[in-house]
Amino acid sequence: MTAKRIKTRFAPSPTGMMHIGNLRSALYEYLIARSGSGDFILRIEDTDRERYVEGAVDVIYRTLRTCGLDHDEGPDIGGPHGPYTQSERLPLYGRYARMLIEQGDAYPCFCPPGRVDRDEEGQETETFGYDRRCRGIAREEAAGRMQAGESYVIRQKMPLEGETSFTDDVYGTITVMNKELEDQILLKSDGYPTYNFANVVDDHLMEVSHIVRGSEYLSSTPKYVLLYQAFGWEIPHFVHLPLIVGEDGKKLSKRHGSTGFDDLVEKGYLPRAIVNMIAFLGWAPGGETQEIFSLKELEERFHIEGINKAPAVFSYDKLNWMNEQYIRALPFEDWKGMVATEALPAFGDQAFDLDMLARVLQPRVTRLSDIPDMIRFLTERLPLSAELFYNKKAKLDAGRAKEVLEAVKPRLSAVPAWTEEAILDVLETAGSELDIKKGQLMGALRAGLAAQQVTPGGAIETAIILGREESLERLERTLEFLREA
RNA sequence: GGCCCCAUGGUCAAGUGGUCAAGACGUCGCCCUCUCACGGCGAAAUCAGGAGUUCGACUCUCCUUGGGGUCACCA
């Protein structure tokens, strides 16, 4: 193969959400193109009218855009090989199919759909696939029946002997016996091509150099190779990707939880983290140990040799970690904006200090959607209990907490400005004057303010977030509880 | 079941005949510490099995076992 310009395509079918597996294909296709300064194009494969979902094309555009996978040709931006939507290319497929019939590499088939093979006793046989019943129909008879308006499909005529092999850039050379290949349908009775036919025609016409797709297509690739040969077209590079599977080792699907890009985003995963995560499902840079890569960096390091052959299990644990890395590294202002959209509705009319809240949350949040639960103790006054104040190490319990708070609350009420520095100053003074250990002081205050044993952030941070008024009211309420206990 | 593919710790994986077999996630422990995190340090944990080839195999070959994919007028 000559040093042709690298060109890859993402060819999704508009059937709904953007599955993680599809997105990974798109990402690898994009990276293979970009790492070789080639082109990445988008083609919509809408040849299945029954599965077509309104609006699915927009999901595809939107997802690619938010992930930063810009394409060079596509239905929305055009290009030299349009149209890029298969339903608009129908006449083309018919023409090429007829060409194959004339060459003797395809034939019309009049069998009803889904016919099951049966043996002499009428039992279903164990053999699968079409039995080539119509393959022997004389050309004139076939032409007559087609003329007469009989419904038919066009099937590829597979060689009955010999073998076909091709070399995949990831899996190496693969060979199959031709007799194993089914006379697959190229053109359906409704005039639409099947994927098996359209992808070959379009990939050739659009000058795609590297066909990148999931390994579930590996076993049907010999049939495509035969098609390329029948047309006398140059065989492109094949780059089959290892499957993404769930924890149970099975191909990732709906029952494995959130497997759509939108689902993940809704759960609070950052698009950049998702992209980084799926880049490593079946690929590794080799040599180096870095795992956090921006899309730009991936464009520089990605290479086909780094693609693995074994299926990869999608790990939510690892995704969580990646998301945390991205959250921690976010510029504070960006992070604050995200916290605001989660927190504002939860706080409602209640005032709170967004800066401090964001600061406290940044090193602790795993997914954005976790925020509402994490801040519930701030947006609601939770029920109190004696156990809240128990801390063995600090020798703190409800009784001691009452003493501490009784002593400290008046001083807090008198703080001139409700700032970190001022509050810390008051508490330190109180601590040394009244001889209260820091653990007891802070522990009692934090529990008294939060009414929750474990909190993100400490006593002072909590006080700042809540503000003076709410903090003092909460302390008064706590003291009332403690006095009665 | 036929055909095809795959096989390093629980997971993602580096490795390409000679390494004490990287690193990350997760798990566990310690430190830091007003709780929880973050951060730091450390630990346990892997070459599926069997034959070969070779002076020497995780690396090469074969077989076994295990797993997966595919057998649609879906892609």
Side-chain angles (χ1 to χ4, degrees), chain A residues 11-13 15 22 45-48 50-51 109 111-114 126-130 151-155 168 170-172 174-177 179-182 184-196 198-199 213-222 240 242-243 245 247 249-251 277 280-292 306 308-322 324 328 360-366 374 388 391 393-394 396 427 437-447 450 452-462:
Chain A
S13 144
T15 55
N22 280 126
E45 310 220 327
D46 59 345
T47 54
D48 185 349
E50 311 215 334
R51 291 209 306 160
C109 167
C111 294
E126 284 299 311
T127 57
F128 298 92
Y130 178 63
S151 177
Y152 67 95
V153 298
I154 293 178
R155 287 183 183 272
D168 183 272
V170 172
Y171 288 89
I174 291 172
T175 304
V176 296
M177 305 294 288
K179 66 178 181 195
E180 303 288 344
L181 304 176
E182 185 189 15
Q184 64 178 352
I185 291 173
L186 267 20
L187 217 59
K188 310 177 206 177
S189 56
D190 63 4
Y192 279 69
T194 59
Y195 166 84
N196 302 320
N199 96 83
R213 54 164 60 130
S215 64
E216 65 264 35
Y217 290 100
L218 214 42
S219 55
S220 43
T221 299
H240 284 93
L243 245 28
V245 299
E247 313 274 359
K250 301 273 204 301
K251 197 164 139 183
M277 173 70 192
F280 275 77
L281 282 176
W283 175 83
E288 60 184 321
T289 59
Q290 185 181 339
E291 292 195 286
I292 301 297
N308 237 310
K309 293 197 251 271
V313 175
F314 185 83
S315 163
Y316 284 94
D317 277 336
K318 189 79 178 236
L319 208 215
N320 283 340
W321 174 79
M322 283 245 172
E324 288 168 355
R328 316 273 122 98
V360 156
L361 254 23
Q362 191 157 21
R364 283 172 251 253
V365 169
T366 296
M374 291 176 75
L388 283 175
N391 184 300
K393 201 175 139 205
L396 181 68
L427 292 178
K437 288 268 188 297
K438 193 183 180 189
Q440 292 189 338
L441 183 60
M442 296 301 205
L445 189 57
R446 197 176 52 77
Q452 182 168 287
Q453 208 155 26
V454 174
T455 63
I460 297 177
E461 283 107 334
T462 304

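Convention: sequence-line order gives letters A, B, ...; per-chain numbering from 1.
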With a 4.5 Å cut-off on side-chain heavy atoms, are A/Arg155 and A/Gln184 touching? no
For the pair A/Tyr192 (side chain) and A/Asp48 (backbone), establish whether a donor and an acceptor sit closer than 3.5 Å, ignoring hydrogens and angles. no
Report yes or no: does A/Arg446 contribute a side-chain atom to a donor-acceptor pair with the main-chain N or O of A/Ile460 at less than 3.5 Å? no
Provide the distance between the two P atoms, one in B/A75 and one in B/U59, to the nearest whole Å. 42 Å
What is the separation between atom CG on A/Asp46 and atom P on B/C74, rounded to the nearest whole Å? 13 Å
Taking atom P of B/A24 as reference, at what distance in whole Å does atom CG of A/Leu319 sit? 19 Å
Paired to B/G42 by Watson-Crick or G-U wobble criteria (both distances under 3.5 Å) is B/C28
Round to a whole Å and report the spacing from CD1 of A/Ile185 to C1' of B/A75. 14 Å
Partner of B/G1 by Watson-Crick or G-U wobble geometry, both contacts under 3.5 Å, or none? B/C71
Which of B/C5, B/A72, B/G23 is nearest the side chain of A/Glu182? It is B/A72
Separation of B/A75 C1' from A/Asp48 CG (nearest whole Å): 8 Å
Scan nucleotides 44-49 of chain B against the protein and return all N/O pairs shorter than 3.5 Å with their distances rounded to 0.1 Å.
none

Could you pick out which residue, A/Leu243 or A/Thr175, lies toward the 5' side of RNA chain B when each is mapped onto its nearest nucleotide? A/Thr175
Would you state whether a donor and an acceptor, one from the side chain of A/Ser189 and one from the base of B/C73, lie under 3.5 Å apart? yes
Counting C-beta onward and ignoring hydrogens, is there a side-chain heavy-atom pair between A/Phe314 and A/Leu319 closer than 4.5 Å? yes
Classify the nucleic acid contact of A/Ser220 as base, sugar-phosphate or nothing, counting any heavy atom under 4.0 Å across all strands shown. nothing
Hey, which sits more toward the 5' end of RNA chain B by its nearest nucleotide, A/Met177 or A/Asn196? A/Met177
Atom-to-atom span, CD1 of A/Ile292 to C1' of B/C25 - whole angstrom: 11 Å
Hey, what do you get for CD1 (A/Ile185) to OH (A/Tyr152), rounding to the nearest 0.5 Å? 13.0 Å
Nearest-angstrom distance from the residue atom CD of A/Gln290 to P of B/G23: 16 Å
Can you find a pair of side-chain heavy atoms, one from A/Gln440 and one from A/Leu396, that are under 4.5 Å apart? yes
Using a 4.0 Å cut-off on protein heavy atoms (strictly under), produce a 5'-to-3' string for nucleotides 27-41 of chain B with B for base contact, S for backbone-only sugar-phosphate contact, and - for none. ------BBBBBS---
Over how many whole Å does the gap from A/Arg51 atom CZ to B/C73 atom P extend? 14 Å
One should read off an interatomic distance between A/Asn22 CG and A/Ser13 OG, to the nearest 0.5 angstrom, of 8.5 Å
Could you give the distance separating B/C63 and B/G26 at their C1' atoms, to the nearest angstrom? 36 Å
Need one value for A/Lys250: base, sugar-phosphate or nothing, where a base atom within 4.0 Å counts as base even if backbone is also close, heavy atoms only. sugar-phosphate
Applying a 3.5 Å limit to both distances, which nucleotide forms a Watson-Crick or G-U wobble pair with B/G52? B/C60
NE2-CD1 distance between A/His240 and A/Ile174, expressed to the nearest 0.5 angstrom: 7.5 Å
Please name the nucleotide paired to B/G66 by Watson-Crick or G-U wobble geometry with both distances under 3.5 Å, or report none. B/C6
Each nucleotide in nucleotides 6-12 of chain B should get exactly one letter: B, S or -. Can you fill that in based on protein heavy atoms under 4.0 Å? SS---SS
